[in-house]
Amino acid sequence: VGRMEKADCLIREMLEVGCSPNSATYNTFIKGYCLNNDMENALRAFYFMANHGIRPNRITYNIIAHALCKKGLLRDAKRLLIGTLDEECSPCSSNIIASTILMDGCFKNGKVSEAFGFWWEMIRRELEVDNVAYNVLLHGLFLNHGSKLAFVFFCKMLKSGMLPDVFTYNTIISHLCKRGELDEACRILANMSSMGVSPDHVSYKMIIQGLCMYGNVFRAKGLLDFMLEVSMQPQPLIWNVIIDGFGRCKDLESASYITEQMLAVGVSPNIYTYNVFMCILVKSGSFRRALFLKEEMQRSGVSPDQVTYNMLIGVTCNAGLTKVALKIHEEMVNRGYDPDVLTYTELIKGYCWAGQLIEAEELFVEMCRSEIQVDHVPFQIFLKKYCSVDEHKRAFALYETLLECYV
RNA sequence: ACCGUUACUUGAA
């Protein structure tokens with residue numbers, strides 16, 4: 001759970017009372033740091049372990065190499081593991097994990113041929129390639145190579161007598177969903193059970209999301225109903241995706257209906273749910289109702305977040321209520337949310353609209369001086385405004401600044 | 001006993 005200080009204390013306590021931590025203890029500990037993205041302490045623990053007479057084992061190296069891969073430090077990961085890969089004599093199951101870690105790392109960083117290198121190396125050494133290795137390969141191929149080659153290896157996998165697992169199917173489903181091939185994805189969802197693998201929450205989540213993204217919200221809703229039928233309690237995310245889907249096709253009625261159903265099965269709306277509704281209200285320009293929704297969410301114990309505030313600032317600016325927007329902005333800052341590009345952009349837009357160009361420009365300067373990564377949108381807003389009020393000289397000056405930014 | 005694989009929702013233009 002990331003309580004690393006606590007774990008650290010426990011290890012020290014173990015040492016003190018003479019109950020020596022073993023390699024599994026340290027491995028778990030190191031993994032904790034890795035999950036926290038804290039390589040510095042992970043390595044410290046690694047050395048600490050060695051200094052206390054426990055030799056790091058393969059698992060230790062795998063854990064660290066895996067973390068290095070995730071940070072994109074492939075070189076270091078390879079250097080760390082290459083020694084352990086060469087020991088042909090030792091139990092091979094660990095070698096296969098190390099190779100899989102490196103193969104996955106390469107694929108995820110776009111180094112396809114290097115990844116393949118690890119694959120063929122495993123084959124050459126006649127290691128028993130397992131499900132995970134195949135899954136990593138398939139995922140990597142879908143990611144970098146399109147589906148043809150991936151399916152070739154999928155067939156190979158079947159032929160070698162390996163049974164695809166839920167990861168395998170989900171990898172395929174994910175790829176199909178991303179390409180919008182939802183009929184095919186649904187077909188796999190329907191057929192995987194007959195292959196002895198039941199779809200899990202991930203399978204449903206991906207397809208439901210895919211369906212919503214491609215505008216087929218009703219079909220998504222059908223799957224949600226099916227999940228309820230087989231009493232797989234859908235996670236809040238799934239409800240939110242569907243509510244958002246209805247919101248996007250301006251079907252407010254269905255969106256509200258789903259929310260009620262969600263409440264009825266005992267799932268409480270979270271910040272996403274509220275923000276989805278907020279977005280619907282904002283898009284229709286109903287600033288009164290938006291402000292009302294803010295009150296309502298606070299009453300039910302959900303605090304507005306940066307996204308909520310940005311939307312509220314946007315809707316009030318659009319309604320010409322710059323003063324109200326500023327008040328909301330103030331509240332947001334007081335609550336500890338730092339304004340981001342969107343906050344500034346909304347306010348700048350508000351000022352521009354209201355004809356308060358000086359204030360807009362001041363805000364713009366303020367934003368540029370801050371840490372915030374400024375994108376092209378504020379420029380667009382200014383250019384549009386300047387041109388509309390015949391300030392072509394200023395428009396041009398701004399354009400030149402813009403060019404400078406990109407040199 | 002400890003290591004590797006799939007998915008992850010909301011905001012400006």
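Order of the sequence lines sets the chain letters (A, B, ...), proteins ahead of strands, with each chain counted from 1.
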Are any of the side-chain nitrogens in A:Lys294 or A:Glu331 under 4.0 Å away from the carboxylate oxygens of its partner? yes
Between A:Asp8 and A:Arg3, does at least one N-O distance fall below 4.0 Å, as a salt bridge requires?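 Not counted as a salt bridge, because no side-chain N and carboxylate O are separated by less than 4.0 Å.
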Between the side chains of [X] and [Y], does any donor sit under 3.5 Å from an acceptor?
| X | Y | result |
| --- | --- | --- |
| A:Gln380 | A:Lys349 | no |
| A:Asn95 | A:Arg125 | no |
| A:Asn240 | A:Asn275 | no |
| A:Ser194 | A:Asn191 | no |
| A:Asn41 | A:Asn36 | no |

Once you round it to whole Å, what is the distance between C1' of B:U5 and CG of A:Leu141?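 Going from A:Leu141 (CG) to B:U5 (C1'), I get 13 Å.
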Figure out the OH/C1' separation between A:Tyr337 and B:U10, and round it to whole Å. 14 Å
Hey, can you pull the residues of residues 171-197 of chain A with a non-hydrogen atom under 4.0 angstrom from RNA chain B? A:Thr171, A:Ser174, A:Lys178
Strand contacts (RNA chain B) in residues 233-244 of chain A, 4.0 angstrom heavy-atom criterion: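 The stretch gives A:Leu237, A:Asn240, A:Val241, A:Asp244 as the residues lying under 4.0 Å from the strand, ordered by number.
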So is the aromatic ring of A:Phe167 stacked onto the base of B:U5, judging by whether the centres are under 5.5 Å apart and the planes are under 30° apart? yes
Just checking, A:Lys156 and A:Phe153: is the charged tip under 6.0 Å from the six-membered ring centre and within 45° of the axis?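 Yes - A:Lys156 lies over the ring of A:Phe153, closer than 6.0 Å to its centre and within 45° of its axis.
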Is there, by distance only and without an angle test, a donor paired with an acceptor across the side chain of A:Asn22 and the base of B:A1 below 3.5 Å? yes
Is a donor-acceptor contact shorter than 3.5 angstrom present between the side chain of A:Asn135 and the base of B:G4?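 It does not, because no donor-acceptor pair links the side chain of A:Asn135 to the base of B:G4 below 3.5 Å.
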Per atom distances to the A:Val132 side chain, the nearest of B:A13, B:C3, B:U5 is B:U5
Distance test, side-chain N/O of A:His201 to OP1/OP2 of B:C8, below 4.0 Å: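 Looking at the OP1 and OP2 atoms of B:C8, neither is under 4.0 Å from any side-chain N or O of A:His201.
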